[in-house]
Amino acid sequence: QVQLVESGGGLVQAGGSLRLSCAASGLTFGSHGMGWFRQAPEKEREFVAAINWSGSATYYADSVKGRFTISRDNAKNMVHLQMNSLQPGDTAVYYCAADSHSDYGPLILPYNGMDYYGKGTLVTVSS
């Protein structure tokens with residue numbers, strides 16, 4: 001059974017930073033692309049960032065590009081999201097996700113969703 005457990009959320013002032021972590025179990029971690037999605041109140045879930053199996057390729061939503069960095073540690077079955085220059089618009093529940101695809105290309109993109117999700121961690125950015 002795949003389990004994804006997020007941690008690191010909390011309350012931060014605008015301009016601040018947070019680092020989210022996700023511990024994965026129940027899957028061959030190094031064989032899966034991983035990602036982060038978020039859902040703000042009364043909005044649909046949206047893609048934030050993704051990383052391929054080896055960490056050699058990363059993908060970001062335009063809204064977070066240059067501010068957020070996704071990384072993974074295959075030895076520890078962990079994926080992280082470093083969030084800098086946070087804005088009130090980043091307030092949301094952040095979900096760790098695991099994909100059945102290990103890598104991405106023109107025909108396989110991470111933006112539309114993945115196969116497994118954690119329960120989420122709340123990030124609140126105050127102005």
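- Taking the side-chain contact (heavy atoms from CB on, under 4.5 Å) definition, one finds that H101 meets it with D99, Y104, I108, sequence neighbours left out.
- When all heavy atoms of R72 and M34 are compared, the closest pair comes out as NH1-CG, 3.7 Å.
- For Y117, the ring pair (Phe, Tyr, Trp, His ring centres under 6.0 Å) test picks out F37, with sequence neighbours left out.
- A salt bridge between K119 and E6 is absent, with no side-chain N of the basic residue lying under 4.0 Å from a carboxylate O of the acidic one.
- S100 meets the side-chain hydrogen bond (donor to acceptor under 3.5 Å, both in side chains) test with D115; sequence neighbours excluded.
- Q87 meets the side-chain contact (heavy atoms from CB on, under 4.5 Å) test with R67, D90; sequence neighbours excluded.
- In this view, Y94 satisfies the ring pair (Phe, Tyr, Trp, His ring centres under 6.0 Å) rule with no residue, not counting sequence neighbours.
- Note on residues 53-96: pairs passing disulfide bond (SG atoms under 2.5 Å apart), not counting sequence neighbours, are C22-C96.
- For S56, the side-chain hydrogen bond (donor to acceptor under 3.5 Å, both in side chains) partners are N52, S54, not counting sequence neighbours.
- In this structure, the side-chain hydrogen bond (donor to acceptor under 3.5 Å, both in side chains) partners of N84, at least two apart in sequence or on a different chain, are S17, Q82.
- Listed by chain and residue number, Q3 satisfy the side-chain contact (heavy atoms from CB on, under 4.5 Å) test with S25 (two or more places apart in sequence, or in another chain).
- By the side-chain contact (heavy atoms from CB on, under 4.5 Å) test, N77 pairs with F29, sequence neighbours left out.
- Residues satisfying the side-chain hydrogen bond (donor to acceptor under 3.5 Å, both in side chains) test with S21, not counting sequence neighbours, are H80.
- For the salt bridge (charged side-chain N to carboxylate O under 4.0 Å, His left out) test, residues two or more places apart in sequence or in another chain that qualify with K65 are D62.
- Here the straight-line distance linking atom CZ of F47 with atom CH2 of W36 works out to 13.0 Å at 0.5 Å rounding.
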